[in-house]
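Here's the structure, in structure tokens; my notes come after.
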Amino acid sequence: MKRPVIFYFITLMMLFASCQRPAGNQTDNDAAGTLFIIGGGSRPAEMVDRMIEEAGIRDTGYVAILPMSSSLPDSAIIWSGEQFYEQGMDRVAGFNFQHDQTPKEEWLDSLRSAPLIYISGGNQNRFMNIVKDNPIKDAIHTAYANGAVIAGTSAGAAVMSDMMITGDELRYEEYRSTFPVIEWDNIELAPGLGLLKTAIVDQHFVWRSRHNRLITAVLEYPAFPGIGIDESTAIIVNGNQAEVVGEAQVLVYTNPEGTQTRYREKMGGENLRLDIYLPGDIFSIQKE
């Protein structure tokens with residue numbers, strides 16, 4: 001059987017003919033949609049199948065891939081599209097919006113109407129530099145408010161938060177995949193898409209041992225739980241609850257008493273809490 005071509009643009013007539021928007025639970029932002037936040041790594045077939053089911057596009061509808069996190073966006077569209085094709089989903093479109101270019105209105109319309117938007121991995125700062133303060137971000141929010149599933153892996157997971165971990169450190173210029181120490185005024189956060197306003201997300205979590213980075217975040221920003229999602233694992237967020245799916249673990253750090261102590265540049269804290277969730281577990285994404 002001939003493999004379908006993953007295309008960059010679908011006409012509006014085709015979109016509206018095939019689109020059936022799924023209903024969803026309400027969130028704090030009155031959005032009807034669902035977040036499907038993947039910690040990076042490989043995506044098991046069951047996970048991709050669950051994405052398709054959550055979006056309600058098994059028989060009708062399409063996937064809109066946003067590859068702008070990647071340094072190879074064209075390849076990211078192909079690689080991302082393959083995972084949907086392998087699950088029998090061949091209605092896939094890639095939209096590689098460019099920095100400092102006026103977004104095409106027909107692409108924005110396609111994004112607003114997409115039942116499933118998938119954000120690839122790469123660099124979350126690259127993605128946000130393209131979509132922030134322009135109609136692309138607004139189109140994603142419109143789709144989410146109307147019931148779409150917004151999915152993302154790795155960098156595509158990081159951008160979900162209102163306060164996004166950039167991966168950079170304020171005290172050190174050289175990039176390190178994890179923080180070797182817990183220091184105050186070191187973690188850099190920047191505005192993300194703001195789809196998840198009640199928590200900060202980190203990815204590749206157990207595999208890359210990013211505990212120090214997320215602990216730093218909850219010490220500096222105690223109002224927000226820190227959710228660390230491991231590779232080949234995801235959380236499905238509906239309203240204020242998250243369900244774990246995939247193959248590994250999700251770690252949630254909280255600072256319920258808002259404690260932070262300092263000794264020179266080091267930070268400490270008392271009575272921090274760690275919860276470890278496994279596939280099938282459901283937990284609250286709000287600070288208790």
Side-chain angles (χ1 to χ4, degrees), residues 29 33-43 47 51 65-73 76 79-80 97 99 117-133 136-137 140-141 144 149-170 175-179 186-221 223-237 242 244-246 248-253 277 285:
N29 303 319
T34 298
L35 303 179
F36 205 110
I37 310 175
I38 308 166
S42 62
R43 287 160 292 287
M47 180 185 295
M51 246 189 289
I65 296 174
L66 297 180
M68 293 89 77
S69 299
S70 175
S71 59
L72 300 169
W79 297 331
S80 299
F97 292 97
H99 185 62
I117 296 173
Y118 181 84
I119 304 171
S120 73
N123 185 306
Q124 54 265 42
N125 302 304
R126 183 185 296 118
F127 183 89
M128 289 308 305
N129 284 338
I130 293 173
V131 309
K132 67 180 180 181
D133 303 324
I136 306 170
K137 180 179 176 181
I140 297 170
H141 275 262
Y144 181 50
V149 173
I150 312 298
T153 185
S154 189
V159 300
M160 299 287 185
S161 299
D162 192 34
M163 299 177 65
M164 179 187 75
I165 292 178
T166 69
D168 296 327
E169 298 178 75
L170 297 175
Y175 173 79
R176 298 181 290 187
S177 64
T178 188
F179 287 15
N186 185 37
I187 190 168
E188 181 182 69
L189 299 182
L193 287 175
L195 299 170
L196 181 61
K197 294 185 178 296
T198 56
I200 297 171
V201 171
D202 206 346
Q203 6 77 27
H204 300 281
F205 195 73
V206 178
W207 186 254
R208 296 187 185 177
S209 192
R210 286 179 164 165
H211 307 273
N212 287 354
R213 188 161 85 174
L214 203 54
I215 291 171
T216 301
V218 299
L219 285 172
E220 292 240 23
Y221 303 93
F224 300 94
I227 302 176
I229 308 172
D230 202 19
E231 296 191 354
S232 303
T233 308
I235 58 171
I236 303 173
V237 178
V244 181
V245 296
Q249 299 139 306
V250 172
L251 279 65
V252 180
Y253 285 100
Y277 297 104
I285 60 171

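In this structure, T233 contributes its side chain and I229 its backbone to no donor-acceptor pair below 3.5 Å. Checking side-chain atoms of T34 against main-chain N and O of V149 turns up no donor-acceptor pair under 3.5 Å. Side chain of H99 to main chain of R126: no donor-acceptor pair is present (N/O by atom type, distance under 3.5 Å, no hydrogens or angles). Under a 3.5 Å cut-off, the side chain of N212 and the backbone N or O of T178 do not form any donor-acceptor pair. S69 places no side-chain N or O within 3.5 Å of a backbone atom of G156 that could act as its donor or acceptor partner. Remark: the backbone N or O of T166 is paired with a side-chain donor or acceptor of N125 at under 3.5 angstrom.
Looking at V237 and L195, their side chains never come closer than 4.5 Å, going by heavy atoms from C-beta outward. Looking at heavy atoms from C-beta onward, I215 lies out of side-chain contact with F179 at the 4.5 angstrom threshold. You'll find the side chain of V252 reaches within 4.5 Å of the side chain of Y277, heavy atoms only.
Between the side chains of N186 and E169, at least one donor N or O lies within less than 3.5 Å of an accepting N or O.
Every side chain to side chain contact (heavy atoms under 4.5 Å, CB included) that H204 has, sequence neighbours left out, goes to S154, R208, R210, E231. Residues meeting the ring pair (Phe, Tyr, Trp, His ring centres under 6.0 Å) test with H211, sequence neighbours left out: F205.
The structure places CZ of F224 at 9.5 Å from CG of L196, a figure rounded to the nearest 0.5 Å. Atom CD of Q203 sits about 10.5 Å away from atom CG of L214, to the nearest 0.5 Å.
No option in K137, M68, Q124 other than Q124 meets the side chain to side chain contact (heavy atoms under 4.5 Å, CB included) test with V159.
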